[in-house]
Amino acid sequence: MDKHYDPKSVEEKWYAWWEANGHFHADVAQGGVPYSVVIPPPNVTGILHMGHALNNTIQDVLVRWRRMQGRNVVWMPGTDHAGIATQNVVEKALKKEGKHRDDLGREAFIARTWEWKKEYGGTIVNQLRKLGASCDWARERFTMDEGLSEAVAEVFCRLYDEGLIYRGHRIINWCPRCKTALSDEESEHVDTQGNLWHIKYPVKAAHGDSVAAHGNPVAAYGNPVAAHGVDAVQFLTVATTRPETMLGDTAVAVNPNDERYASLIGKTLVLPLVNREIPVIADEYIDMAFGTGAVKVTPAHDPNDFEMGQRHSLPSIDVMNDDGTMSAEAGAYAGLDRFEARKRIIADLEAQDLLAKVDPHPHAVGHCYRCDTVVEPRLSKQWFVKMKPLAAPAIEAVRSGKVAFTPKRWENTYFEWMENIRDWCISRQIWWGHRIPVYTCGVCAHEWAAKTAPTSCPKCLEGERPREPLEGKCPAHEDVRPPSPQITQDPDVLDTWFSSWLWPFSTFGWPHDNPDLRFYYPTCDLTTAPDIIFFWVARMIMAGCKFMGDVPFRNVYIHGTVRDDKGRKMSKSLGNSLDPLDIIGQYSADALRFSLMLITSTGMDVYVNMEKFEIGRNFATKIWNAARFMKMHTDKCEGFAPVPIDPALLRDDDRHLLDTLDAAIAAVTEHLEKFRLQDAALAIYDFIWSNFCDWYLEYAKQDLNGTDDARRLQVLSLMTDVFAKSLKLLHPYMPFLTEELWHEMGYAGASHPVAEAAFTPSTATAVIRAPWPAPYTEAQREAWGLHAETTAYVTAKRELVTAGRALRAEYNIAPSKFIAYVIDALDEATATHLRGDAESLKQQLRSDNLEVIIGAGERAMPGTLCKLGTIYLPLDGLIDVAAEAARIKAELAKEQGFLNNVNAKLANESFVAKAPPAVIEQQRARQKELTETIARLEKLHKTFGG
RNA sequence: GGGCGCUUAGCUCAGUUGGUUAGAGCGCUACCUUCACACGGUAGAAGUCACAGGUUCGAGUCCUGUAGCGCCCACCA
């Protein structure tokens with residue numbers, strides 16, 4: 001074995017080997033209890049970031065653990081075509097060539113995108129391999145591959161035919177850079193310090209008014225100086241955050257109960273800058289307390305205004321183009337960018353003295369989640385899914401517990417959104433994605449949805465249109481004529497998430513019934529980030545309930561966000577991102593995985609910096625060295641083969657080791673069942689490092705270097721077996737290191753008599769297929785003498801040894817100086833037991849240059865204390881007697897305080913009456929212990945002349 | 001405006017149904033390069049569990065309120 005562990009070569013070697021040997025591949029034919037997981041498909045444009053590392057490590061831990069438990073495990077991998085994101089990437093590449101997508105045309109552009117996918121789409125998937133993700137790569141899917149596209153078409157047509165997909169003319173979120181509609185979820189609200197501009201709208205004078213007498217009142221308002229010079233003009237002041245939209249105003253609204261404006265309702269205003277006449281309307285929606293209480297109504301650019309427009313039959317004037325520049329409707333401002341137009345409009349209003357005031361106003365502004373451009377609410381004709389009917393069963397599924405969230409609090413978030421769900425805008429004005437399968441007949445104007453491109457119009461085929469007879473084909477069933485130029489398909493594509501929400505069943509072959517789908521659906525655990533609950537999790541539950549008649553998964557584990565050590569979200573623009581591949585390069589994939597798991601508690605955000613990954617690296621080194629140590633001894637032991645446990649040869653520390661291993665196995669299993677991956681990792685870490693390495697391996701040295709061959713063989717067998725089980729426990733977290741050691745230690749194929757089951761040939765080769773360790777049976781524990789007393793003895797012994805070492809440190813005695821100390825054990829049984837083990841104790845202490853004498857206090861001079869009782873240390877001029885007396889006095893006071901508390905507790909009638917017997921018993925024992933300790937301390941204190 | 005989370009050792013955080021003297025990692029102090037490991041070992045210091053009330057025999061843990069920080073949702077122009 002090499003002195004140093006080389007993760008790089010090891011990780012590459014084993015990943016290739018696992019894949020080549022089909023260790024990740026799932027097969028229905030093998031039967032058993034399924035454990036299925038679908039990966040949250042990363043964007044095909046993605047590169048591995050810390051969020052992926054966290055998400056996929058969690059999944060891989062669960063998946064590997066379940067696999068070892070003997071479940072029939074499938075981890076379905078794949079990528080998302082990420083409509084807008086991918087199109088952006090390809091457009092950027094085109095731009096470098098000085099081209100635009102329009103130069104290529106739709107078909108060529110799509111072909112170009114597929115080429116890009118073919119060349120770069122595998123990046124993230126290969127990075128997942130570096131992380132160690134044990135996905136069933138043979139099943140890898142892509143949201144635009146043939147099968148998934150079929151599922152999308154199937155779902156669209158079903159919803160369309162049921163009337164759950166409809167086309168609507170309404171205000172949607174428009175990204176002027178991507179030039180497409182977005183769903184509400186795709187518009188991210190960012191708190192922004194904006195302004196509330198107060199603009200004065202002149203009131204048009206009635207006939208006979210003095211202003212009207214000037215002829216054209218509009219002209220007068222167009223020239224405020226003139227207006228002022230001639231007459232007093234009445235104004236209605238409105239407040240707005242988006243002044244440029246005023247060009248599209250078709251009314252101003254006030255609350256009908258607002259006395260300030262009562263007289264103006266029904267009057268006409270003259271819209272500044274455009275001189276359009278617009279009415280003052282009354283609408284309950286208006287909040288009298290906000291702004292001026294008068295609101296400009298722009299039905300084409302604001303959802304509320306749109307609704308008001310509907311209520312009051314107002315026209316809608318769209319003043320913007322799809323790229324965010326002002327449209328022809330904007331008159332003099334046409335062609336200007338919307339923000340430039342805003343500046344100009346403000347300036348112009350100011351020049352005409354129509355800007356009453358400007359108040360700073362913080363508000364949330366929508367940004368495109370793909371390109372961060374400010375989203376424009378805009379009137380548009382789009383496709384929508386009616387969500388309420390889909391939401392109802394999905395709400396019930398969570399309420400009834402068919403789907404459970406971890407942590408549970410996310411269920412509230414889910415309910416909140418689902419109960420107030422709004423229709424989902426699914427059409428996108430881009431090219432990369434699933435084309436909306438809606439067709440229109442140019443002859444009869446019939447519109448319908450079809451899974452495959454139709455060649456003729458069904459309405460016309462029904463006989464309403466005379467048609468040519470077809471040779472050899474029954475016209476009622478199939479039409480083989482070339483596509484009719486009369487039939488046109490909707491140009492838009494579907495929202496990326498329209499394919500993602502089918503992922504848990506489309507990846508298993510739906511809409512076709514098949515064994516995989518039947519066996520693996522519903523999946524078990526879905527692991528994802530909180531920001532994706534609405535985009536994906538909720539919609540998957542809806543789709544599962546709707547199309548499969550069952551939930552898509554039983555558990556949803558929502559993990560936290562990975563942040564930098566200052567708590568900021570990692571982002572490219574901040575430059576505070578850690579690259580998982582850097583961490584893997586510097587510390588190893590195992591270190592990345594283990595550290596992440598160890599520092600992340602269930603569902604909480606995690607703060608990371610580079611140094612945090614030392615934990616995992618150090619742990620790996622520790623284990624590597626422990627293995628080297630054992631290997632060194634097994635190599636020395638010629639022809640070493642493990643022997644079965646001989647109860648006659650077992651000593652306390654052996655029993656204690658088996659005991660703590662048992663506890664660790666139980667704890668790890670239970671924690672993993674409840675998604676407590678941190679606690680499970682801690683239990684493994686603590687067992688291997690503290691119990692196995694620090695205590696047992698040190699303890700075992702005396703036997704390994706001793707002369708008793710039978711005992712040495714027993715100890716070696718025991719420790720290698722316990723180490724094998726430790727590797728199994730650790731394998732889900734550190735797959736590479738454990739696999740390497742599994743082979744280095746010769747566990748692959750070796751027969752371990754203490755192991756819980758004989759390996760079958762197919763499972764003997766890899767830890768990944770080794771069975772998850774089971775706690776020992778009662779019969780074994782009985783036969784081996786694993787009793788509670790064992791733990792008590794070993795605990796006593798450890799404290800005793802610790803006390804000896806502490807003496808040296810406390811009195812600052814050189815390591816070279818031999819110390820014999822004496823212990824007066826508290827209870828006789830322990831003392832007797834430890835005396836019986838005196839020889840091994842002596843050996844154990846030899847390296848510390850210590851020697852202990854049990855229960856002979858009278859012979860020695862007083863020294864210090866440990867929990868077991870009194871420890872005496874020969875003075876030999878090593879101790880400052882006065883200082884020691886003071887120390888003991890302080891100790892005495894502390895113990896007396898504890899005793900007082902306990903006494904008070906036990907004297908309390910309510911406590912005795914109500915506390916559980918176990919707690920009372922505990923307190924009684926403690927009372928006894930404290931009383932004895934105090935008696936001893938008092939004696940000691942006297943000895944020191946106190 | 002609603003909802004959620006956090007506040008425990010110098011730092012980052014655990015603490016699972018309320019129950020011995022509240023834990024870990026890092027950092028810190030002292031000693032040790034002893035034949036697996038200095039990415040190590042041994043021993044140690046360090047916390048009025050944000051604040052104020054309440055329930056209880058007993059509260060870091062349950063309830064109410066306050067403060068600070070953070071996140072999510074929301075059409076107040």
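In what follows, chains are A, B, ... by sequence order, proteins preceding strands, each numbered from 1.
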Q: What's the CE-P distance between M719(A) and A36(B), to the nearest Å?
A: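 Spelled out: CE on M719(A) to P on A36(B) is 12 Å.
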
Q: Which nucleotide in the list G19(B), A77(B), A36(B) gets nearest to the side chain of A915(A)?
A: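 My answer, after comparing the listed nucleotides, is G19(B).
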
Q: Rounded to whole angstrom, note down the P distance from C11(B) over to A50(B).
A: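 After rounding to an integer number of Å, I get 14 Å for this pair.
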
Q: Students often get this wrong, so: under 4.0 angstrom with heavy atoms, is W689(A) touching a base, only sugar-phosphate, or nothing?
A: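 Sugar-phosphate contact only - W689(A) comes under 4.0 Å of backbone atoms but never of a base.
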
Q: If you only use heavy atoms from C-beta on, which nucleotide in G19(B), U21(B), C31(B) is closest to the side chain of P815(A)?
A: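 When the side chain of P815(A) is considered, C31(B) is the closest of G19(B), U21(B), C31(B).
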
Q: Quick one: label K701(A) by what it contacts on the DNA or RNA (base, sugar-phosphate, nothing), any heavy atom closer than 4.0 Å.
A: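 Here K701(A) touches the bases of the nucleic acid.
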
Q: Does N625(A) place a side-chain N or O at less than 4.0 Å from the phosphate oxygens OP1/OP2 of G40(B)?
A: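 No, outside the criterion.
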
Q: Name the residue closer to the 5' end of RNA chain B, choosing between V295(A) and D184(A) according to the nucleotide with the nearest heavy atom.
A: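 The answer here is D184(A).
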
Q: Quantified in whole Å, what is the P atom distance between nucleotide G2(B) and nucleotide C76(B)?
A: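 Taking atom P in both G2(B) and C76(B), they lie 13 Å apart.
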
Q: Let me know the distance between CD of E411(A) and P of G5(B), rounded to the nearest Å.
A: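 Spelled out: CD on E411(A) to P on G5(B) is 13 Å.
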
Q: Rounded to whole Å, how long is the line connecting atom CZ of F535(A) with atom C1' of C72(B)?
A: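 From F535(A) CZ to C72(B) C1': 13 Å.
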
Q: Has the side chain of D283(A) got a donor or acceptor atom that lies under 3.5 Å from a matching backbone atom of A253(A)?
A: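 Judged by distance alone, no pair lies under 3.5 Å.
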
Q: Base, sugar-phosphate or nothing for R409(A)? Non-hydrogen atoms, less than 4.0 Å.
A: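 Answer is sugar-phosphate: R409(A) comes under 4.0 Å of backbone atoms only.
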
Q: Name the closest nucleotide to the H363(A) side chain, picking from A77(B), C72(B), G19(B).
A: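 Shortest atom-to-atom distance from the side chain points to A77(B).
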
Q: From the options C39(B), C75(B), A77(B), select the nucleotide whose nearest atom is closest to the side chain of R422(A).
A: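 Side chain of R422(A) sits closest to C75(B).
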
Q: For a quick check of understanding: with a heavy-atom distance under 4.0 Å over all strands, which category does P916(A) fall into, base, sugar-phosphate or nothing?
A: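 P916(A): base contact, heavy atoms under 4.0 Å.
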
Q: Counting only Watson-Crick pairs (N1-N3 plus N6-O4 or O6-N4) and G-U wobbles (N1-O2, O6-N3), all under 3.5 Å, who is the partner of C62(B)?
A: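 Partner of C62(B): G54(B).
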
Q: Pairing check on A22(B): which nucleotide meets the Watson-Crick or G-U wobble criteria with it, both distances under 3.5 Å?
A: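 Pair assignment: A22(B) / none.
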
Q: Heavy atoms only, 4.0 Å cut-off, all strands: where does K612(A) land among base, sugar-phosphate and nothing?
A: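 Sugar-phosphate contact only - K612(A) comes under 4.0 Å of backbone atoms but never of a base.
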
Q: Measuring only the P atom in each nucleotide, how far is C73(B) from G65(B)? A whole number of Å is fine.
A: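 Result for the P pair: 26 Å, nearest Å.
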
Q: Nearest to the side chain of A806(A), which nucleotide is it out of A14(B), A43(B), U21(B)?
A: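 Closest nucleotide among those given: A43(B).
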
Q: Could you please name the partner base of C6(B), counting Watson-Crick and G-U wobble pairs only when both distances are under 3.5 Å?
A: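 The base-pairing partner of C6(B), which may sit in any strand shown, is G68(B).
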
Q: If we count only N and O atoms by modelled type, under 3.5 Å, do the side chains of K296(A) and T298(A) hold a donor and an acceptor together?
A: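 Distance-only check passes for K296(A) and T298(A).
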
Q: Let me know the distance between NZ of K631(A) and C1' of A36(B), rounded to the nearest Å.
A: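 Computing the K631(A):NZ to A36(B):C1' distance gives 13 Å.
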
Q: Ignoring backbone atoms, establish whether H361(A) has a side-chain N or O less than 4.0 Å from OP1 or OP2 of A77(B).
A: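 Yes, within the criterion.
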
Q: Quick one: do R924(A) and E929(A) make a salt bridge, cutoff under 4.0 Å?
A: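 Result for this pair is no, no salt bridge flagged.
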
Q: Please work out if M604(A) contacts a base, only the sugar-phosphate, or nothing of the nucleic acid, heavy-atom cut-off 4.0 Å.
A: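 Counting heavy atoms under 4.0 Å across all strands, the contact made by M604(A) is with sugar-phosphate only.
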
Q: Could you let me know what U42(B) is paired to, Watson-Crick or G-U wobble, both distances under 3.5 Å, or none if it's on its own?
A: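 Partner of U42(B): A30(B).
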
Q: So, are R170(A) and E307(A) salt-bridged, with charged N and O less than 4.0 Å apart?
A: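 Result for this pair is no, no salt bridge flagged.
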
Q: For a quick check of understanding: with a heavy-atom distance under 4.0 Å over all strands, which category does S601(A) fall into, base, sugar-phosphate or nothing?
A: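 If one applies the 4.0 Å heavy-atom cut-off, S601(A) turns out to touch the sugar-phosphate alone, with no base involved.
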
Q: L682(A) side chain: which of U21(B), C39(B), A24(B) is closest?
A: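 Given the options U21(B), C39(B), A24(B), the side chain of L682(A) is closest to A24(B).
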
Q: What nucleic acid atoms does T802(A) come within less than 4.0 Å of, heavy atoms only: base, sugar-phosphate, or nothing?
A: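 Since only primed, P, OP1 and OP2 atoms lie under 4.0 Å of T802(A), the category is sugar-phosphate.
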
Q: Round to the nearest Å and state the distance from R563(A) atom CZ to C71(B) atom C1'.
A: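 Spelled out: CZ on R563(A) to C1' on C71(B) is 7 Å.
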
Q: Taking the six-membered ring of F898(A) as reference, does the cationic atom of R926(A) (NZ for Lys, CZ for Arg) lie under 6.0 Å from its centre and within 45° of its axis?
A: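 Yes.
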
Q: Using the P atom as the point on both nucleotides, what is the distance between C51(B) and C4(B), in whole Å?
A: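 C4(B) and C51(B) have their P atoms separated by 23 Å.
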
Q: Ignoring hydrogens and angles, answer whether the base of A36(B) and the side-chain atoms of E698(A) contain a donor-acceptor pair closer than 3.5 Å.
A: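 Result: at least one qualifying N/O pair found.
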
Q: If you only use heavy atoms from C-beta on, which nucleotide in A36(B), A77(B), U21(B) is closest to the side chain of L697(A)?
A: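 For L697(A), the side-chain atoms sit closest to A36(B).
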
Q: Heavy atoms under 4.0 Å, any strand shown: does E307(A) hit a base, just sugar-phosphate, or nothing?
A: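 No contact at all - E307(A) keeps every heavy atom at 4.0 Å or more from the nucleic acid.
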
Q: With a 3.5 Å cut-off and heavy atoms only, can you find an N or O donor on one side and an acceptor on the other between the side chain of R805(A) and the base of U42(B)?
A: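 No pair found.
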
Q: With a 4.0 Å cut-off on heavy atoms, is Y607(A) in touch with a base, just the backbone sugar-phosphate, or nothing at all?
A: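 Sugar-phosphate contact only - Y607(A) comes under 4.0 Å of backbone atoms but never of a base.
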
Q: So that I know where these two stand, are F692(A) and Y699(A) an aromatic pair - ring centroids less than 6.0 Å apart?
A: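 Judged by ring-centre distance (under 6.0 Å), F692(A) and Y699(A) do not meet the cut-off.
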
Q: Are any of K622(A)'s side-chain N or O atoms less than 4.0 Å away from OP1 or OP2 of G41(B)?
A: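 For G41(B), OP1/OP2 do have a side-chain N/O of K622(A) under 4.0 Å.
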
Q: Ion pair present between D258(A) and R260(A), side-chain N to carboxylate O less than 4.0 angstrom?
A: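 Salt bridge: yes.
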
Q: Among the nucleotides C39(B), A43(B), C37(B), which one has an atom lying closest to any side-chain atom of A809(A)?
A: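 Closest of the options to the side chain of A809(A): A43(B).
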
Q: Roughly, in whole Å, what's the span from CZ in R628(A) to P in C39(B)?
A: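 In whole Å, C39(B) P lies 14 Å from R628(A) CZ.
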
Q: At their closest point, which heavy atom of E411(A) faces which heavy atom of F405(A), and how far apart are they?
A: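 So the two residues come closest at OE2-N, 3.0 Å.
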
Q: I'd like to know if R712(A) and D703(A) make a salt bridge, using a cut-off of under 4.0 Å between side-chain N and carboxylate O.
A: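 So R712(A) does not pair with D703(A) through a salt bridge.
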
Q: Can you check the distance between G68(B) and U29(B), where both ends of the measurement are the C1' atom (answer in whole Å)?
A: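 One C1' to the other, the span is 34 Å.
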
Q: Given the P atoms of G53(B) and C71(B), what is the spacing between them in whole Å?
A: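 My reading of the P atoms in G53(B) and C71(B) gives 32 Å.
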
Q: How many whole angstroms separate atom CG of D686(A) from atom C1' of G15(B)?
A: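 Whole-Å distance recorded here is 15 Å.
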
Q: Just checking R808(A): base, sugar-phosphate only, or nothing, at a heavy-atom cut-off of under 4.0 Å?
A: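 No contact.
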
Q: Quick check for you: among C39(B), U20(B), C31(B), whose closest atom lies nearest to any side-chain atom of Q922(A)?
A: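 Nucleotide nearest to Q922(A)'s side chain: U20(B).
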
Q: How close or far is atom P of A36(B) from atom OH of Y699(A), stated in whole angstroms?
A: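 Going from Y699(A) (OH) to A36(B) (P), I get 18 Å.
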
Q: When the P atoms of C39(B) and A52(B) are compared, how many Å lie between them, rounded to an integer?
A: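 That atom pair is separated by 45 Å.
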
Q: Considering only side-chain heavy atoms of Y285(A), which listed nucleotide, C76(B), C39(B), A14(B), is closest?
A: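 Taking heavy atoms from C-beta onward, the closest nucleotide is C76(B).
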
Q: Within the structure shown, what part of the strands sits under 4.0 Å from N908(A) by heavy-atom distance: base, sugar-phosphate, or nothing?
A: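 Counting heavy atoms under 4.0 Å across all strands, the contact made by N908(A) is with sugar-phosphate only.
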
